[in-house]
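Data block below; observations after.
Everything numeric here is computed off the predicted structure, so don't read it as measured data. To find a chain, count down the sequence lines: A is the first, B the second, and so on, and within it residues start at 1.
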Amino acid sequence: MDGRGFGMTRRALLGGAAAGAVLWTIVPRRCVAGAGRASPSETLAAGLIGCGGQGGEDLNSYIRAYGGEYRLVAACDVDKTRLAAVRKNPKKFGEDVEKCELYTDWRRLIERKDIDVVSIATPPSWHALMCIGAAQAGKDILCEKPMTRFIAEGRAVVQAVKRYGRVFQIGTAGRFGAYASEHSRRTHKIMASGLLKKCEAVYIKRGGFPVRNYCGRVNLEPQKVPEHLDWDMYCGPSPLRPYNSHRFGWSHRYYWDYEGGSLADFAQHYMDPFQWTYAKDYTSPVEIEAYAPPAHHDACGLWAWVELRYADGLTLVLDGNEWGPRYDRKKERGVTLDDLDEESRRKLAAMPDPPKLLNFVEAVKTRGESAGHVEAAHRAVTIAHLANIAIRTGRKIRYDPDKEQIIGDEAANRLVYQPMREPWHL
Amino acid sequence: MATAQDVKAIVEQIPSPDKNGTYVNLDEAKIGQIEKTVAQLQQGGRDAVAALIGMLVEPGAGDDIKPRWALHLLAVRAAAPGNDAARKEYALAVAAHLGGDRPKEVQKYLIEKLQIAGGPEVLEALGRALLDDELCDTAARALAAIGGEADRQLLAAWPRVKGRSRLSVIKKLAVLRCAAAAEIFRSALNDADADVRIAGAWGIARIGDAAGTEALLKCADAHEGWERINETDACMMLAEALAAAGNRQAAAKIYEHISRTRNEQWETPIRQAAERGLAAVRQQ
């Protein structure tokens, strides 16, 4: 996706080193790649699943922009029109893209033996299964955000990626910007040190969620499925609804079956740097409360704000700033050295600074962990899912971040794990 | 007792969507109206639920936006913690309308409401829905979400379902880690349908069925492509489950087999994963 429709480009959402990546796309690569540029033998064989607007963007943003190289050997889409367009786009994918094999069933792409990295840019209802399949087949993964449609999918992806030792990078790079900031690095160091016993910080993400534009329609009439589209495969693990063009393409984001509205589509961008800064890559909020109208069963709707509290006291607020009252329960407040006693400050000074974050190319070469690694990505999108569960149930919920279960609310838990349509399973 | 006409009048109080069919037009007053309407419907109990269901039509056959949403809001409220009697009343009221000649798309919607608010009291009704090819998958998902003794319904349905419904049932037996389905999973490894074989492999892994090890390894070895990838992963999952249960010897046997037989270059990560697993169980 490129952010069209709400006056914001996708790249505008990416900070720090990702902003540098923008430069890489407008300066000829030979001028900047230098000695770091990939030799032909280091060229990654890539497979692309999902050839719509964002299809292939991650290959360029996370491989070429960092001096790596790839060759697109296979592409897949359930829409034959979009699929055919891939071969006609050498500007985006490289001059030999016309040799790329085309598939309408992503499993045929996954089972190819010659692919190093799979880039996934389908609707999020497919992301988990494709990530898991790619990991099982020994491929590294670039996954467009949001990583998943519900929380249990994320844990299954984490397990598969770790089982097979794969490199995973989510399609957002905000934490590079956080890492570049001295202030954020200091906050990260304090939070990661364990020296802060109680965190009184309040982080408010105000605005940046196109709440109104992302409301789905409740009056969708069945339409004839276009001949170029495999609608059953598009729905995949989600319920098979009668086709309507509003469920397809950009607007799939407005329906619970495929994504989860503005929260699901944008929170991963905003939560990626937040999580790194506050050292929350391995945990999740414990209490979640939302201010929103009663939710619709199918179409995503309005919301005003969501307050999420962590076990250490840190408060995170997502304020849509487009509808309803502004959040005014707490004032924004950061973490400073003044929050530590003198002895703790001495201990902190003796601790090493946060390690450098690896980009995807470096991670693939060294078999290290890419900055937007799988657990961080899972925990970041969990924030959006928890917020949406609070909105959909209309209740304050309590969450166990270790068991990844909602406490004492069975109906809410049924949104944490949602059984899939056959033949799919996590 | 609320009559159908009363309920129709009440549900009409829910605000209409805007001209685009969205609810971006909601404000505090309209939200208050929704809350008031839902509260009135809640007071109407089973009769109100029945009346709402009577207003539902299959997609494309008319406007049922308001009763559809109202039935959903009742499900969400009924399922709130702390009032199991209300939840049960709602679920039974909905389940009573499954079957018969009601449009299948409407019945699917009712089953989805049971996936939200249903409990043990609706398992039998959902079990009956498993036998309807058009409802089977939706019912199987609801049963998997409800859990508890839902696996009994799936087990009972297994010999009676055909075609794609077999896949719906066996997958959800695996989701529920139904140990009593061990023989079903093992037999599935020899099924003519590759998806059923994969489901059987996954089921064996999910229940940690040591007795299924030989058959699972043989099955995974025998296939290529997507099926081999999935069944090999099931072997790895089974090894993890056996190791976690303390059966290190059985786990080691699987890891040794995978590391010995996944020799193609593309299988290197799989072989390495097996080698890591083997090292871990030997260190335990």
Side-chain angles (χ1 to χ4, degrees), chain A residues 107-108 110-115 132-133 135-139 159-160 163-166 211-213 215-222 239-242 244 246 254 293-299 301-302 323-324 392-395 408-412 414 417-426, chain B residues 17 20-24 26 28 30-31 34-35 38 59-60 63 65 68-69 72-73 76-77 79-81 105 108 112 115-117 137-138 140-142 144-145 164 167-168 171-172 174-175 195 198-199 202 224-226 228-230 232-233 236 240 264-270 272-273 276:
Chain A
R107 292 171 291 192
R108 302 291 83 80
I110 291 288
E111 67 190 10
R112 282 181 62 129
K113 299 175 181 179
D114 60 344
I115 289 177
I132 292 167
Q136 289 171 346
K139 289 132 175 57
Q159 287 170 346
R163 180 177 298 137
Y164 296 103
R166 298 297 84 204
V211 177
R212 289 180 181 277
N213 282 349
C215 287
R217 296 178 185 166
V218 301
N219 64 346
L220 298 183
E221 292 282 322
L240 182 64
R241 308 281 183 212
N244 181 287
H246 210 245
Y254 316 160
H296 192 261
H297 48 276
D298 183 28
L302 297 168
W323 176 87
R392 293 177 77 176
T393 58
R395 300 191 278 272
D409 191 332
E410 172 63 20
R414 292 181 190 179
Y417 168 70
Q418 300 172 39
M420 293 178 163
R421 190 165 68 97
E422 64 86 8
W424 309 105
H425 68 254
L426 277 179
Chain B
N20 294 320
T22 76
Y23 272 109
V24 297
L26 293 181
E28 296 293 346
K30 287 178 177 173
I31 292 169
I34 295 169
E35 298 290 0
V38 173
D63 177 356
I65 291 170
R68 214 168 248 268
W69 191 16
H72 174 74
L73 292 174
V76 173
R77 280 158 176 71
E105 287 298 326
K108 284 184 194 174
E112 287 176 352
Q115 185 168 327
I116 296 168
D137 197 67
T138 312
R141 277 183 269 133
R164 301 302 287 178
L167 205 47
S168 301
K171 285 268 173 158
K172 299 310 177 283
V175 167
D195 283 330
I198 289 171
W202 190 56
E224 290 295 322
W226 174 252
R228 182 182 179 89
I229 290 164
N230 268 261
T232 299
D233 186 62
M236 297 290 287
E240 288 170 16
E264 286 195 55
Q265 186 165 354
W266 73 274
E267 292 180 305
T268 301
I270 299 164
Q272 290 172 340
R276 285 194 296 274

Problem - For the student: nearest non-hydrogen atoms of A:Met420 and B:Lys172, plus distance - result: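 Distance-wise, the nearest heavy atoms are O-NZ, 2.8 Å.
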Problem - Atom of B:Arg141, atom of A:Pro239 and distance for their closest heavy-atom approach - result: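 Looks like NH1-CG, 3.6 Å.
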Pick one of side chain, backbone, both or neither for [X], based on which atoms fall under 4.5 Å of a heavy atom in chain A.
X        : answer
B:Lys30  : neither
B:Ala80  : both
B:Arg68  : both
B:Leu26  : both
B:Ile270 : both
B:Pro17  : side chain
B:Ala144 : both
B:Glu224 : side chain
B:Asp233 : both

Considering only heavy atoms and a distance below 4.5 Å, find which of [options] pairs most often with chain B.
options                                : value
A:Pro222, A:Pro423, A:Ala411, A:Gly138 : A:Pro423
A:Glu111, A:Glu422, A:Arg107           : A:Glu422
A:Pro294, A:Gly165, A:Pro242           : A:Pro294
A:Cys215, A:Ala299, A:Ala412, A:Gly324 : A:Cys215
A:Arg421, A:Arg217, A:Arg212, A:Arg414 : A:Arg414

Sub-4.5 Å side-chain heavy-atom contact between [X] and [Y]:
X        : Y        : answer
B:Lys171 : A:Trp424 : no
B:Asn230 : A:Gln136 : yes
B:Pro59  : A:Glu221 : no

Problem - Non-neighbouring partners of B:Trp202 that pass ring pair (Phe, Tyr, Trp, His ring centres under 6.0 Å), sequence neighbours left out - result: A:His425
Exercise for the section: Drop me the distance from B:Thr268's OG1 to A:Tyr164's OH, to the nearest 0.5 angstrom. Expected result: 13.5 Å
Problem - Distance, nearest 0.5 Å, that separates CG of A:Leu240 from CD of B:Glu105 - result: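 Here the rounded value is 8.0 Å.
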Side chain, backbone, both or neither: which part of [X] has an atom under 4.5 Å from a heavy atom of chain B?
X        : result
A:Ile110 : both
A:Ala160 : neither
A:Arg112 : neither

Practice task
Evaluate the side-chain contact (heavy atoms from CB on, under 4.5 Å) criterion for residues A:Ile115 and B:Trp266: first the C-alpha distance (whole Å), next the side-chain angles of each, then the deciding distance (0.1 Å), finally the verdict.
Solution key: CA-CA 9 Å; A:Ile115 289 177; B:Trp266 73 274; over 6 Å; no
Exercise for the section: May I ask you to say whether A:Arg163 pairs ionically with B:Glu240, meaning some side-chain N is under 4.0 Å from a carboxylate O? Expected result: yes
Exercise for the section: Look at A:Arg241 together with B:Glu112 and state whether they make a salt bridge at an N to O cut-off of under 4.0 Å. Expected result: yes
Problem - Which residues share a side-chain hydrogen bond (donor to acceptor under 3.5 Å, both in side chains) with A:Asp409, sequence neighbours left out - result: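 Expected list: A:Arg395.
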When heavy-atom pairs shorter than 4.5 Å are enumerated against chain A, which of [options] gives the highest number?
options                               : value
B:Gly21, B:Ala273, B:Ala79, B:Ala117  : B:Gly21
B:Asn20, B:Asp63, B:Ile34             : B:Asn20
B:Glu264, B:His72, B:Arg276, B:Gln115 : B:His72
B:Asp137, B:Ile31, B:Val76            : B:Asp137

Practice task
Show your working on side-chain contact (heavy atoms from CB on, under 4.5 Å) between A:Leu302 and B:Tyr23 and close with a plain yes or no.
Solution key: CA-CA 8 Å; A:Leu302 297 168; B:Tyr23 272 109; 5.9 Å; no
Exercise for the section: Measure centre to centre between the rings of B:Trp69 and A:His297, then say whether the value is under 6.0 Å. Expected result: no
